[in-house]
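Following: one structure in structure tokens, then a few remarks.
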Amino acid sequence: SVARLKAIESLIPAPLRSAVKAGPIDGEVWCLLLENNAAAAKIRQLLPALESHLRAMGWKLSSIRLKVQITANV
């Protein structure tokens, strides 16, 4: 999962890179973990390019799923 993230890192705008973490792989579906909804909205726009890039590099992938991580501020 971390290798996949490294493969697409250059396609993610620099200010957003720290908000994106590698998540679990479930078959041919890969999950990206995002820090907030704003990052998720921008990454959602990039999904077709990210998926295409990974497939071109030889990764078996049907889709990328996005999940926003909710952190409790105590």
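- In this structure, the side-chain contact (heavy atoms from CB on, under 4.5 Å) partners of L66, at least two apart in sequence or on a different chain, are L32, L34, I43, R44, L47, I64.
- Following chains of ILVMFWY side-chain contacts shorter than 4.5 Å, one cannot reach L33 starting from L61, and the two form parts of different hydrophobic clusters.
- The NZ atom of K21 sits 13.5 Å away from atom SG of C31, with the distance rounded to the nearest 0.5 Å.
- The side-chain contact (heavy atoms from CB on, under 4.5 Å) search around P13 returns P15, L16, K42, L46, not counting sequence neighbours.
- Take A7 and apply the side-chain contact (heavy atoms from CB on, under 4.5 Å) test, not counting sequence neighbours, and it matches L54, M57, W59.
- Applying the side-chain hydrogen bond (donor to acceptor under 3.5 Å, both in side chains) criterion to S1, with sequence neighbours excluded, gives W30.
- E9 meets the side-chain contact (heavy atoms from CB on, under 4.5 Å) test with R17; sequence neighbours excluded.
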### Query
Can you check side-chain contact (heavy atoms from CB on, under 4.5 Å) on R4 and I25, steps first, answer last?
CA-CA 10 Å; R4 289 184 186 197; I25 300 171; 3.8 Å; yes
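- The shortest non-hydrogen separation linking R65 to V29 is CB-CG1, 4.2 Å.
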